[in-house]
Amino acid sequence: MEHREPYLHLRVLDRTDVAEAAALLGRGMADNPIHVSVYGDDEVTRIRRHASLMRVLLSSSPALTIDGVEQGGALVGVAAAAPPGRCQPRAVARLRLVTRGVTFGPRAAERLLTWNRAWAAHDISEPHVHLGPVSVDRHLRGRGIGTLLMLRHTTHLDSLGVAGYLETDRPEAVGFYERHGYAVIAEEEILGVPNWFMRRPPN
Ligand SMILES: CC(C)(COP(=O)(O)OP(=O)(O)OC[C@H]1O[C@@H](n2cnc3c(N)ncnc32)[C@H](O)[C@@H]1OP(=O)(O)O)[C@@H](O)C(=O)NCCC(=O)NCCS
């Protein structure tokens, strides 16, 4: 009998989805070079630490919109975005993130701070929707799940008529974002890892 993949279902996630979304972001980004540099060489530790941080971020940032793609009832892709004027976490969220980061030990905590400060320094001043984090489960990459999330994101940008902005540490993701109208506006090596800062002009 012919095998068919279950349909992909795109929906806006809510508070009840935070734990599953954070877990996906933790495992989906475990091989990102900056994560290796910040969280350390052990993959299980990287997954646990990033998921734990993402849980704090998603639950403390009510302005974030979180889109999710499900397949067969399981969450397989996530894209969060902050609306114009809300791309940096507010004081309470920032404090919670720092408090969680400190539990990772001094080396990782310091690296987290360096990474965050470096990314924040590149933030553009024009009104924009700030995309990220974005992640697709590793074994399901290259099947159009990221494209689905990006089509939703760019449709939203176009309906608002504002710029989009994002950061990435994955060279292969640069081309992916370029296909959705983003262009590299800056590059910087942070903690020994190249990072790209990308903007999508308003349409
Ligand atoms: C980048 C990412 C979100 C793309 O999602 P996806 O579902 O794999 O994307 P799609 O299947 O819709 O499109 C695949 C395209 O993405 C690009 N891509 C980027 N990273 C990829 C990866 N690890 N595996 C496969 N394709 C990848 C390819 O260039 C591919 O282009 P092609 O269609 O011309 O072959 C996903 O690969 C991912 O989660 N990567 C790890 C986390 C990450 O880097 N997030 C974004 C940076 S902040």
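The chain is numbered in sequence order, starting from 1. No experiment lies behind these values; they were computed from the predicted model shown. Each ligand, and each atom within it, is numbered from 1 in the order the structure gives.
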Among all the protein's non-hydrogen atoms, which is closest to [atom], and how far away is it?
atom                    : answer
atom 16 (O) of ligand 1 : F176 CD1, 3.3 Å
atom 47 (C) of ligand 1 : T168 OG1, 3.1 Å
atom 18 (N) of ligand 1 : E172 O, 4.0 Å

Kindly confirm or rule out an N or O of [X] lying under 3.5 angstrom from an N or O of ligand 1.
X    : value
T147 : yes
G144 : yes
L140 : no
V134 : yes
Y177 : no

So for R143 against ligand 1, with non-hydrogen atoms under 4.0 Å, the contacting part is backbone
Counting heavy atoms under 4.0 Å, the part of N32 that contacts ligand 1 is side chain
Does some non-hydrogen atom of [X] fall short of 4.0 Å from ligand 1?
X    : answer
E167 : yes
S135 : yes
G175 : no

Residues [X] and [Y]: side-chain donor-acceptor under 3.5 angstrom:
X    : Y    : answer
E188 : H122 : yes
D169 : N32  : yes
S37  : R111 : yes

Does atom 40 (N) of ligand 1 have any protein heavy atom closer than 4.0 Å?
yes
Note to self: I'd like to know if atom 43 (C) of ligand 1 has any protein heavy atom within a distance of less than 4.0 Å.
What the structure shows: yes
### Message
Is it the case that over 12 heavy atoms from other parts of the model lie below 6.0 angstrom from the CZ atom of R141?
### Response
yes
Notebook entry, point to check: Looking at W119 versus H130, is the centre-to-centre ring distance below 6.0 Å?
Noted result: no
Heavy-atom proximity to atom 8 (O) of ligand 1, picking from P171, G142, G77, points to G142
To atom 24 (N) of ligand 1, the nearest of E178, R141, M198, R179 on a heavy-atom basis is R141
Show the atoms of ligand 1 that are less than 4.0 angstrom away from any heavy atom in [X].
X    : result
G146 : 5 (O), 6 (P), 7 (O), 9 (O), 12 (O)
I145 : 7 (O), 12 (O)
G28  : 41 (C), 42 (C)

Heavy-atom distance under 4.5 Å between the side chains of L97 and L57, does that happen here? yes
Check the orientation of Y182 and H153. Use parallel for under 30°, tilted for 30 to 60°, and perpendicular for over 60°. parallel
Which of parallel (below 30°), tilted (30 to 60°) and perpendicular (above 60°) describes Y39 and F104? perpendicular
Would [X] and [Y] pass as an ion pair if we require N to O under 4.0 Å?
X    : Y    : result
R170 : D31  : yes
D67  : R11  : no
E126 : R200 : no

For G40 and R46 the tightest heavy-atom approach is O-NH1, 2.9 Å
